[in-house]
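Take a look at the structure set out below.
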Amino acid sequence: MTRNPISSTIPLDGQGVQHGFLRLPHSRDDSAWGSVMIPITVIANGEGPTALMTGANHGDEYEGPIALQSLAVSLQVQDITGRVIILPMMNMPAFAAGTRCSPVDGANMNRSFPGRPDGPVTQKICHYIATELVPLADIVLDFHSGGRTLDFLPFAAAHILPDKAQEVACMAAMQAFNAPYSARMLEIDNVGMFDTEVESQGKVFVTTELGGAGTATAYSVAVANKGIRNLLIHAGILAGQVQLDPTIQLDMPDDRCFVFAETAGLVEYLVDMGDTVAKGQAIARIWRADRTGEAPHVCYAGLDGILTARHSPGLIKVGDFVGLVAVVV
Ligand SMILES: [Zn+2]
C-alpha cells in the first residue's frame with residue numbers, strides 16, 4: 001500500500017517537551033508546494049503509559065482546542081511519567097475555516113476513519129492518526145461539543161462495546177474525567193468514527209460533548225481542563241488525586257431519545273437543557289417564519305428524561321435535530 005505522505009517535524013519517541021507539526025504536502029492554486037500543518041506537542045518523561053488527546057475533530061468545536069493549547073504550555077515534563085501526545089486541532093483545515101467539515105474536500109473527519117494514505121486530505125490525516133498515533137496510545141481522549149448548530153449539557157461519554165473488559169476500562173476512564181454529566185452511549189451510526197477506530201485497536205477511549213453554539217464558555221472550558229487532569233492521573237501519567245465532583249449518570253438507550261424537525265421555521269424551546277421532561281411532553285414548537293396566523297408545529301419527547309442537547313441558533317430546517325432527551329440512571 002502507498003506510504004502516508006504526512007511526516008512529523010518532531011520525533012514522537014523523543015524525551016522532554018517538543019512542539020512541532022504533522023506536515024501534509026498539499027499542492028494547490030495558492031501554494032504550489034504548500035502543506036497542511038497540524039500542530040502537535042509531545043511531552044515525555046521515561047517509561048510509562050501514553051495518552052493521545054485530540055481536539056477539533058470537527059472544526060467548529062472549541063473546548064478541546066482551548067484546553068489542549070493550555071495543556072501544551074502548562075504540563076511540566078518533570079510532573080509526568082510516560083508520554084502525552086497533544087493535537088489541539090487535528091482537523092486543521094476545518095478548524096482554520098471555523099467549519100464542522102473540511103473546506104478542502106468537504107469531508108466530515110469523524111466519518112472518514114480509518115482513512116487512506118492515497119485519499120483526499122481528510123482521509124490522509126485520518127490514516128496517519130489511525131496508523132501512526134493511535135497504536136502508540138494506551139488511552140485516547142477526543143473532545144467534541146455541539147459546534148455551530150447544536151448545544152449540549154457538558155458530558156463525557158463511553159460506548160457500549162462488544163468486549164466487556166474494554167467497556168469497563170472505558171467507563172472507568174469516563175467516570176474519572178468527571179464531567180457534570182456522564183453518558184453511556186450506544187452509537188447508532190458509528191461507521192467511520194475516530195471512536196470506532198480507536199476502540200477497534202483495543203484502546204481505552206473517552207469522548208465528550210461539552211457545550212456548543214459555535215463557542216466555548218468559562219464553565220465548559222473548566223470542565224475540559226479538570227477532565228484532562230483527572231484522566232492523566234487516572235492513566236498513571238500524572239501524580240495526584242482525581243478530583244471527583246457530583247455527576248449525573250445518563251443513558252441513551254435508543255432512537256426515542258432523538259427529536260427531529262418535520263417542518264421549517266422559528267424554533268421556540270418550551271424547556272431548557274437540564275430540565276426534566278416526560279414522555280409525550282412538548283419540548284419545542286416551530287412557528288412559521290414567513291406568515292402570521294398559523295398555529296405552531298409541536299415537537300414531543302419520546303421518553304422520560306432530561307433535555308440534554310438542542311438545536312442552535314433560532315431558525316430550523318426540515319430534518320434538523322431538535323432535541324436529545326437522555327434518561328437519568
Ligand atoms: Zn464533534
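All ligand and atom numbering here is 1-based and tracks the order in the structure. As the structure is a computational prediction, the values presented were derived from the model and not from experiment.
With a 4.5 Å cut-off between side-chain heavy atoms of Ile, Leu, Val, Met, Phe, Trp and Tyr, the cluster of F21 takes in M37. Through side-chain heavy atoms spaced under 4.5 Å, either directly or across other Ile, Leu, Val, Met, Phe, Trp or Tyr residues, V168 is tied to no other residue.
Contact annotation: the side chain of T208 never approaches that of F155 to less than 4.5 Å [non-hydrogen atoms, C-beta and beyond].
Taken from CD in Q201 to OG1 in T131, the straight-line distance is 8.5 Å, to the nearest 0.5 Å.
With waters left out, the protein N, O or S atoms under 2.8 Å from the Zn ion (ligand 1) add up to 4.
Counting only distance, with no hydrogens or angles, the side chain of E209 and the backbone of L153 share no donor-acceptor pair below 3.5 Å.
For I10, the side chain to side chain contact (heavy atoms under 4.5 Å, CB included) partners at least two apart in sequence or on another chain are S8, Q18, I40, V42.
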